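Encoded as structure tokens, the structure appears first; notes follow it.
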Amino acid sequence: MKNAVVGFPRVGKLRELKFVSEKYFKGEVNQDELQKVAKDLRKEHWTFQKNAGIDYISSNDFSFYDGVLDTAVLLNAIPEKYAKLGLGAIDTYFAMARGYQGEAGDVSALAMKKWFNTNYHYIVPEISDDTVIKVAGDKPFSEYVEAKELGIDTKPVIVGPFTFLSLAKYQGEKKAADFAKDTAKAYVEIIEKLAGLSAQWIQFDEPALVRDLSEEDFDLFKTLYEIILPAKGSAKILLQTYFGDIRDYYKEIITFDFDGIGLDFLEGKKSASLVKEYGFPKDKVLFAGLINGKNIWKANYEKVLSSVNELKNYADNIVLSTSCSLLHVPYTLDNESELKPEVEQYFSFAIEKLNELHELSILAFDDDYKSSKEYKENQKVFEKERLYKNDAVWQQVDSLKEEDFVRLPERKERQRIQKEELQLPAFPTTTIGSFPQTIEVKKNRTSYRKGEIDKAAYDKRVYEFIKDCIKEQEELGIDVLVHGEYERNDMVEFFGENLEGYVFTQKAWVQSYGTRCVKPPIIFGDVKRNKPITVEYSKYANSLTDKSVKGMLTGPVTILNWSFPREDISLKEMAYQIGIAIREEVLDLEKAGINVIQIDEAALKEKLPIRKSDWYSEYLDWAIPAFRLCHSGVAPQTQIHTHMCYSEFDDIIKDIDNMDADVITFEASRSKLTILDAIKESNFETEVGPGVYDIHSPRVPSVDEIVQALEKMLAKIDKDKLWVNPDCGLKTRGITETRASLANLVEAAVKIREKYA
Ligand code: GLN
Ligand code: ZN
């Protein structure tokens, strides 16, 4: 059996592309040096795959920033404001990605959005009425030739026309359908050029097919491919889908003249049953996505091989493939020197997955695969009892009852009690948690990590930072204070490090966007809190002031969503395990006299399923309860806050209210504030603090500006429900601008109080 890789990570084993790009942005290296690193990386990645025995290796999966942006440039969708700068090709490209400020002009970047249900972000193409879609670049062609010159025949990969047009933003009157013909013609030209260079297979990535599709959506797909496919000549076209299944139009799609169809059999829960029910055409190749491109666990050979054997009953030509691009997993275990062997044996990163593909594609043709050395070796890992199993944790999860998810008395009554208890002014002011992580704060952490100072010395410094932070906030006149989060660099990593069951890597970076990479912790075993995590810091902060200091925690759904999850238990079980740990922390904070506690759910919406029909059964039905579990045990006097990093939750507004927090703060300054309408319409009960200024920029908002923002909010929100706070945590900001911004924020709140309270 042959094997294929949908796409390979591009930033380099040690993030070489990130570092050279950042140098290029700063003018420290020139374009030739940048291009050289890129070329070396491409060569290395193709060579890895070739040496690992991969049959269908992708080209054009490399990108300096993002593949959707590459496609926009290839198709001439370069908005005038960037073209006008008159920069060279690569600098125009980076201007679209990151914005540009310099001699040639001042333009902001194109929007960035989450790539389906991943933590990767793509650049949103902008198309206006006068955009002329045509082939205007040569990246797929030159990279194909580059590989060929190395003796490697690749399958060029391009974001497909349907996904491209579906994700683009339309600035004028014209919509996707108005660009369909030109786009289709451009893809025909791309195919002709690649075929002319002797490419055998061309892969069009069409993940937009796994979303809920309307008839209109499918009409667009039809229009595009009814032009493209008849003109493909001898080139073979692979329609590659991933992140779900194509249940809406599977029956129709298999009748199109594609030469291969790539289906995701892992996240696509219905893929297997679709193939069984409707069959798979004899003249097409099924690229079976069975090696997980999104998670870091070894494949279970028994499971993969039995799936393949089952599929053989329906499809004559099968190629074993990854479920999606390997972009979403780290490079290699070779970079990890600190993982214990008993832990490491479970893992497989991108390079290790290549070997799995290779071994499995041989075993898939061996009737007696069970007696092979590779199979036996692989099964050893899965036969063993999982490490870090904790019966006590399971007992806790199993004994959860209805009432553990319900906080009493009901919210209105609590809000009344809290008003009395906390004695806050109208329009109370607060911040989201972190204060600027200054050089000293970071140095303290690095010194501790490097072993230059011990825990006591480290904490002593942290307590000093806390003391300054409390003093600062008192001087500013903020009402509900925070301790500043100086003990943590990351809101998930910090809790992971303090919970049993987590495993950390050294170099397992994954691209999040452009040059930004993240290193998600791994949930390896059952998660348990062994001792209080934040209590001492909060208690100390609270002892320094008569005002309330908010305890600051990360919620279970966010901890889960920003980690690599286990595959041997369900997401719900993991969320409940973490929920119990956070609940214990909440109760300990309360016992220590903390009467306001914030449980951040910054990433709650990130893993909302792609299909609406899965929202509840697959996600919200346990995600919301996991949050409620954290706080249902506190007294009515204790005020529970939560925070989210975005405000695009109009469509799940009821569920957000149903988290049953007393107060929610969220980002609102940059978005269109439609959320305020949704809040009004839904009779939202939670008190709200829509951010009054944008913390992503060093700009200091004026008092007037904040007053105006608050006035706008007051048009939609009850005056006894409105809080005054920034957008998000202040950790990336400088001290000076933070002080000035918060002073203005407090002054604005005073003005609003005078007028309305
Ligand atoms: N409490 C966190 C902070 O202030 C929240 C961060 C976030 O929402 N991303 O840093
Ligand atoms: Zn935030």
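As the structure is a prediction and not an experimental result, all values here were calculated from the model. Counting starts at 1 for both ligands and their atoms, following the listed order.
- For ligand 1, the atoms lying closer than 4.0 Å to a non-hydrogen atom of Gly729 are 3 (C), 4 (O), 10 (O).
- Every atom of ligand 1 with a heavy atom of His643 under 4.0 Å away is listed here by number and element: 8 (O).
- For ligand 1, one of its N or O atoms has an N or O atom of Ile432 under 3.5 Å away.
- Asp662 has a carboxylate O that lies under 4.0 Å from a charged side-chain N of Arg407, or vice versa, which qualifies the two as a salt bridge.
- In this structure, Tyr576 and Phe405 have tilted ring planes: the angle between them lies in the 30° to 60° band.
- Within the 4.0 Å heavy-atom criterion, the part of Glu485 lying near ligand 1 is the side chain and not the backbone.
- Side chains of Gln577 and Asp526: a donor on one and an acceptor on the other come within 3.5 Å.
- A salt bridge does not link Asp600 to Arg488: none of the charged nitrogens lies less than 4.0 Å from a carboxylate oxygen.
- With salt bridges taken as basic N to acidic carboxylate O contacts below 4.0 Å, one links Glu687 and Lys419.
- Counting only non-hydrogen atoms, the option in Cys645, Ser434, Gly433 that gets closest to atom 8 (O) of ligand 1 is Cys645.
- Between the side chains of Arg15 and Thr515, no donor-acceptor pair of N or O atoms lies under 3.5 Å.
- A salt bridge is defined here as a Lys NZ or Arg NE, NH1 or NH2 lying under 4.0 Å from an Asp or Glu carboxylate O, and Glu585 with Arg529 meets this definition.
- Scanning the protein heavy atoms around atom 5 (C) of ligand 1, the nearest turns out to be Asp600 OD2, 3.4 Å.
- By the 4.0 Å heavy-atom criterion, Lys731 is excluded from the residues contacting ligand 1.
- Numbered from 1 in the order shown, with element, the atoms of ligand 1 that lie under 4.0 Å from a heavy atom of Ala602 read 8 (O).
- For the pair NE2 of His643 and SG of Cys645, the angle at the Zn ion (ligand 2) is about 130°; rounding is to 10 degrees.
- Looking from atom 6 (C) of ligand 1 to the surrounding protein, the closest heavy atom is Met491 SD, 3.5 Å.
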